[in-house]
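Just so we're clear, the structure is a prediction, and the values are computed from it rather than from any experiment. Below, read A as the first sequence line, B as the second, and so on, with proteins coming before strands; counting in each chain starts at 1.
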2 protein chains.
Amino acid sequence: MAASVTSRALDLLGAFGPEHRSLTLSELARRSGLPLATAHRLVGELHKWGALARLASGEYVIGRRLWDLGLLAPVQSGLRQAASPFLHDLYGATLATVHLAVRDRVEVLYVDRLAGHVSVPVVSRIGSRLPLHATGVGKVLLAYAPEDVRAEAFSRLTRVTPYTVTQPARLAEQLRRVRTEGYATTGEEMSLGACSVAVPVRAGHDSVVAALGIVVPDLRRDKARLVAALRVAAQGIGRTLASAE
Amino acid sequence: MAASVTSRALDLLGAFGPEHRSLTLSELARRSGLPLATAHRLVGELHKWGALARLASGEYVIGRRLWDLGLLAPVQSGLRQAASPFLHDLYGATLATVHLAVRDRVEVLYVDRLAGHVSVPVVSRIGSRLPLHATGVGKVLLAYAPEDVRAEAFSRLTRVTPYTVTQPARLAEQLRRVRTEGYATTGEEMSLGACSVAVPVRAGHDSVVAALGIVVPDLRRDKARLVAALRVAAQGIGRTLASAE
DNA sequence: TACTTGTCTTCCATTCACCGGAAGGAGCGG
DNA sequence: CCGCTCCTTCCGGTGAATGGAAGACAAGTA
């Protein structure tokens, strides 16, 4: 119950999220469970320092100083740096939305993303987390995940669209094919009108450290070419990672 | 002098910077001017919440939770979104490092960046700030900045390389040419071996809202082509911004 | 082994900064 | 004008933050 000032201030920051990018003072107080007067004082300090900024409307948003700080976080920074040029190549070759993702516990965490002009409906953003079973990169990461993670993921096969795979047996079969074929696909399982292909990114020879995927409106056309392009890029990333130790 | 707990905790976070991505507890205490015991306790709270993470070596780094939060900051998010595909096009056309920057007071703030395989020595990163007078995008932003900003910038023409323009008269002449010609160039003024070209990005017809630039090893070759490609991209971004209101 | 020098961690009595109810102000819609 | 919601300010009691001191640990030196 003991609530230190620090944790209270942090809880105020925690009230923000992808769905709540801007909040009024009273919303902040409500969402963090603090008395209005207390929230007011703490928000004032956060604002003074630059952790929060205030819109013309009076609502608060995450400030630029936190943006700066966040960019310093070593969240897969080696991976992102190594991958960057290959993502562009891949975009150039496919003109599709490109995704680089890692597994964070039982979710997909998108660490980089590259959107094209003609965008199919894509939900992901850099930093967003999605279920492992409903995305291409997620299936790849799940296929090579340890047993306990797979068990946990199978216990929460939520339906997102009518096409989401929610039958454990069918998903297990798909994962088996991912391991033998070396790539995963989805068809409108996360978002209607969007299909995806993804391949694993390996550091050295064994471990899968990330997944590389693209989102396209239709897969029937030239899946083979897309898979080939993905493989070239994934291998390039892997080599870069290996050479950088 | 009165140092509230909140501001102290924030000061601990502020001890991190591009040059100091990982810090030991004692470094944190020193850099923030806090007694070791106090720093220890506060860092513990920040760590528990996920604002800081701890490396195997025992050093602290910015944690993933702050990374998440930072991504929520509305730092030119409209601009970044509108520009993204055009940056890729520009990279495809030039294979050079591409920069999108805005002016933050008297500095250049890089809001997006796209690096190629063969990278010339480039100092910038997303989120980094550099002086206005020593970079291509900086000169563009300075050329269209209000009078007081220009005055302030002229009062601090620091030398970065032997080629940095530090004479006010010469810089003023260059800015005049930026306005008449519509583009700015630099030659090893920020970093040896790196030249740059940049053009303004206009929303609607008048105001310059950002600058778009590329960095190449040599400019003598095909400056005209590069400027043309930059202009196409900048116009595209401007149109997208205008159509999105 | 004993000593040095640097880390990090824990403890606890003092005190001072945080707390939050209450009251006042500002804006809005009926 | 009243009622509603939001934001801001005030202030006395009190419990959470403070930081010196002491101990634990590791690495380097003689």
Side-chain angles (χ1 to χ4, degrees), chain A residues 1-66 69 72-74 245, chain B residues 1-17 19-66 69 72-74:
Chain A
M1 186 83 289
S4 70
V5 207
T6 315
S7 70
R8 289 178 166 203
L10 291 171
D11 287 343
L12 280 171
L13 295 180
F16 290 92
E19 316 298 328
H20 303 275
R21 304 182 147 236
S22 67
L23 297 168
T24 66
L25 177 59
S26 5
E27 283 172 327
L28 273 165
R30 262 195 303 278
R31 289 175 56 81
S32 59
L34 295 177
L36 185 59
T38 305
H40 179 257
R41 186 166 28 83
L42 293 180
V43 164
E45 293 203 68
L46 292 170
H47 180 232
K48 193 169 75 184
W49 188 81
L52 297 180
R54 201 155 193 197
L55 301 178
S57 65
E59 291 186 311
Y60 290 95
V61 293
I62 299 293
R64 192 177 274 171
R65 196 138 177 206
L66 276 191
L69 273 183
L72 297 177
E245 227 87 342
Chain B
M1 190 81 291
S4 73
V5 208
T6 315
S7 70
R8 290 179 165 201
L10 291 171
D11 287 342
L12 279 172
L13 295 180
F16 290 92
E19 315 298 327
H20 302 275
R21 303 182 145 236
S22 68
L23 297 169
T24 66
L25 177 59
S26 2
E27 283 172 329
L28 273 165
R30 263 195 303 278
R31 288 175 57 82
S32 59
L34 295 178
L36 186 60
T38 304
H40 179 257
R41 185 166 29 81
L42 293 179
V43 163
E45 293 204 69
L46 292 170
H47 180 232
K48 194 170 73 186
W49 189 79
L52 296 181
R54 199 152 194 200
L55 302 178
S57 65
E59 292 186 310
Y60 290 95
V61 293
I62 299 293
R64 187 139 74 198
R65 196 136 179 209
L66 276 190
L69 274 182
L72 297 176

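For the pair A:Leu42 CG and D:dA17 P, the computed distance is 11 Å after rounding to whole Å. Atom CD of A:Glu59 is separated from atom C1' of D:dC6 by 12 Å (rounded to the nearest Å). Whole-Å rounding puts the A:Glu45 CD to D:dT9 C1' distance at 15 Å. Rounded to an integer number of Å, the gap from CG of A:Leu12 to C1' of C:dC18 is 14 Å. For B:Arg8 and D:dA17, the CZ to P distance is 12 Å, given to the nearest whole Å.
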Residues 34-42 of chain B, side-chain donor-acceptor partners within the protein, below 3.5 Å, at least two apart:
none

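Of the side-chain N and O atoms in A:Arg41, one or more sit less than 4.0 angstrom from OP1 or OP2 of C:dC19. One finds no side-chain N or O of A:Thr38 lying less than 4.0 angstrom from the OP1 or OP2 phosphate oxygen of C:dC19.
The side chain of B:Ser4 lies closest to C:dC18 when the candidates are D:dT18, C:dC19, C:dC18.
Among B:Leu23, B:Leu28, B:Leu12, the one residue that satisfies the side-chain contact (heavy atoms from CB on, under 4.5 Å) test with B:Tyr60 is B:Leu28.
Taking all atoms of both residues into account, the shortest heavy-atom contact from A:Gly14 to B:Arg65 is CA-NH2, 4.4 Å.
Within the 4.5 Å cutoff, the side chain of B:Val61 has no heavy atoms near those of the B:Leu52 side chain. Within the 4.5 Å cutoff, the side chain of B:Trp49 has no heavy atoms near those of the A:Thr6 side chain.
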Heteroatom pairs (N/O) under 3.5 angstrom, protein to nucleotides 8-12 of chain C:
residue, atom, partner, partner atom, Å
C:dC8, OP1, B:Leu25, N, 3.0
C:dC8, OP2, B:Ser26, N, 2.9
C:dC8, OP2, B:Ser26, OG, 2.2
C:dT9, OP1, B:Arg54, NH1, 3.1
C:dT9, OP2, B:His40, NE2, 3.3
C:dT9, O5', B:His40, NE2, 3.4

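Side chains of A:Arg54 and A:His47: no donor on one and acceptor on the other come within 3.5 Å.
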